[in-house]
Enquirer: 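Here it is, the structure in full.
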Amino acid sequence: MIDFDFRNPTRIVFGKEAESKAGELAKEYGFSKTLVLLGGGSARRSGLLDKVTGSLKKEGIQFFIKEGVRPNPDAKTVRDFIGFSCENGIDSILAIGGGSVIDTAKAVGAGFYYEGDFFDFNLHKATPKKCLPIGVVLTISSAGSESSNSCVIQDDEKKIKQGFNCDLVRPVFAIENPELTYSVPGYQTFAGVSDIMMHSLERYHNASGENELADEWALSLILSTMEAAKTLLRNPNDYEARARVMLNSSLTHDGLTSLGKTSVFVVHPLEHALSGYDQKITHGAGVALLYPVWATYVYKKDIGKFAKLTEYLFKEKGATDEETAIMGIRLMKEFFSSLGMPTTFQEVGLGEKDIPALVSIATGNGTRTVGRYPQPLTEQDVEAIYRLLL
């Protein structure tokens, strides 16, 4: 186990009607002039926005509402919101939504104190030194951004979708009421499940050394999420399954399942190239699409770890570890397919003609490898993996 310094300041307030505590929590954390961020308008239509803003008014908190944050949030919107925040002396941000709204809040919060272009953080040209405090009312279980130090934003002009990690952008509180996710469409629900699973799958697949504890946590959380997803396929309004998925969303991306390990993602950056290239592609669907082909390409580099995953998640075992590993990859692909996730490029509107551009985006025009374990992927490796999806 490597040395580590782990902290997560995010306070999770969980349960039915938890959103009614938004004003109370905001006041406790010193919010007084708050930017409220929304996505496509469902929070307004459902009455959630009125409930939250009513709670803010009750506590005497001034607020400004900005909506229209899209999936795969874009840099232009972030720049506009930073300008608005500076002009109006905003001192805090409350994100009502899922990962896209939360990541936008993080980018605005960090960019507020930065003299240059905030996207420098995503390009790893600069590191945030300060961030506005961020609160969250979570409405979709997926990205885990409500408790993570990660912020992913897309630059449409450059077709770059990239993230940065910084503990300063972790939200100070996250309000989580599973009932708020009942209205999320099935495809988005299960794309979220896929993303939740992938956050710990990618951490599991990094080298463990003697640190089996983090691997056990990761596999346990993945299995818990899979079991809840199976329940939601039968009954979309099962509260306990919704609750499990929502809590797992937070726990899978806060660093817990890689504690004491070096963790570098590989499937996520392969997917960021896809949704960076075509923002209509849902991120969770993209990682579900890519995991089986990435695993097929690299499993021989760590057959034992893939075999262990098969036995833990699917309770299956072949005659050899390699047979067990291959079995697990197939079963994982079948599981994602059972959730309605895509299995080929054609299903997400991509084809052979798009591969050169995707490879270029993923590898920075061939200037960098992708991932680290069980092998770093070169430009040729990335192309080979994408071709497995034709």
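Because only heavy atoms are used, hydrogens play no part in the values below, and waters and symmetry mates are left out as well, while side chains stay in.
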Enquirer: Using the rule side-chain contact (heavy atoms from CB on, under 4.5 Å), only one of Leu233, Val245, Thr231 pairs with Asp238; which is it?
Expert: Thr231
Enquirer: Any side-chain heavy atom of Glu323 within less than 4.5 Å of one from Glu316?
Expert: no
Enquirer: Does Thr189 reach the side chain of Leu339, with side-chain heavy atoms less than 4.5 Å apart?
Expert: no
Enquirer: Could you check whether atom NZ of Lys315 has more than 12 heavy atoms from other residues, nucleotides or ligands sitting under 6.0 Å from it?
Expert: yes
Enquirer: For Phe306 and Tyr299, take the angle between the two ring planes, folded into 0 to 90°, and tell me which bin it lands in: parallel under 30, tilted 30 to 60, perpendicular over 60.
Expert: perpendicular
Enquirer: Using the ring of Tyr239 (Phe, Tyr or Trp, six-membered ring only), decide whether Lys16 places NZ or CZ under 6.0 Å from its centre and within 45 degrees of its axis.
Expert: yes
Enquirer: Shared ILVMFWY cluster between Ile175 and Ile134, side chains joined below 4.5 angstrom?
Expert: no
Enquirer: Flag the pair Leu232 / Arg242 as yes when at least one side-chain heavy-atom distance between them is below 4.5 Å, and no otherwise.
Expert: yes
Enquirer: Does Leu247 share a hydrophobic cluster with Phe173, counting links as ILVMFWY side-chain heavy atoms below 4.5 Å and allowing steps through other members?
Expert: no
Enquirer: Using 0.5 Å steps for rounding, measure from the CG atom of Leu290 to the CG atom of Leu389.
Expert: 5.5 Å
Enquirer: Indicate the ring-plane relationship of Phe265 and His199, choosing parallel, tilted or perpendicular according to the 30° and 60° boundaries.
Expert: parallel
Enquirer: Tell me the closest heavy-atom pair linking Thr343 and Lys333, and the distance in Å.
Expert: CB-CE, 3.9 Å
Enquirer: May I ask you to decide if Ala43's main-chain N or O and Ser46's side chain share a donor-acceptor pair within less than 3.5 Å?
Expert: yes
Enquirer: Using the six-membered ring of Phe81, assess whether NZ or CZ of Lys66 lies under 6.0 Å from its centre and within 45 degrees of the ring axis.
Expert: no
Enquirer: For a side-chain contact (heavy atoms from CB on, under 4.5 Å) with Val370, tell me which candidate from Ile385, Thr363, Thr378, Val267 qualifies.
Expert: Thr363
Enquirer: Can you confirm if the NZ or CZ of Lys33 lies within 45° of the ring axis of Phe64 and under 6.0 Å from the centre of its six-membered ring?
Expert: no
Enquirer: Describe, in one word, how the ring planes of His272 and His268 are oriented to each other, choosing from parallel (under 30°), tilted (30 to 60°) and perpendicular (over 60°).
Expert: perpendicular
Enquirer: Any heavy-atom pair between the side chains of His205 and Leu309 that's under 4.5 Å?
Expert: yes
Enquirer: Taking all heavy atoms of Pro71 and all of Ser100, pick out the closest pair and write down the distance.
Expert: CA-OG, 3.4 Å
Enquirer: Which atom pair, heavy atoms only, marks the closest approach of Ile93 to Phe31?
Expert: O-CE2, 3.6 Å
Enquirer: What pair of heavy atoms forms the shortest contact from Val136 to Leu94, and how long is it?
Expert: N-CD1, 3.9 Å
Enquirer: Taking all atoms of both residues into account, what is the closest heavy-atom pair of Met246 and Ser141, and its distance?
Expert: CA-OG, 3.2 Å
Enquirer: Under a 4.5 Å side-chain heavy-atom rule over Ile, Leu, Val, Met, Phe, Trp and Tyr, are Ile303 and Leu201 clustered together?
Expert: yes
Enquirer: Has the side chain of Thr104 got a donor or acceptor atom that lies under 3.5 Å from a matching backbone atom of Val78?
Expert: no
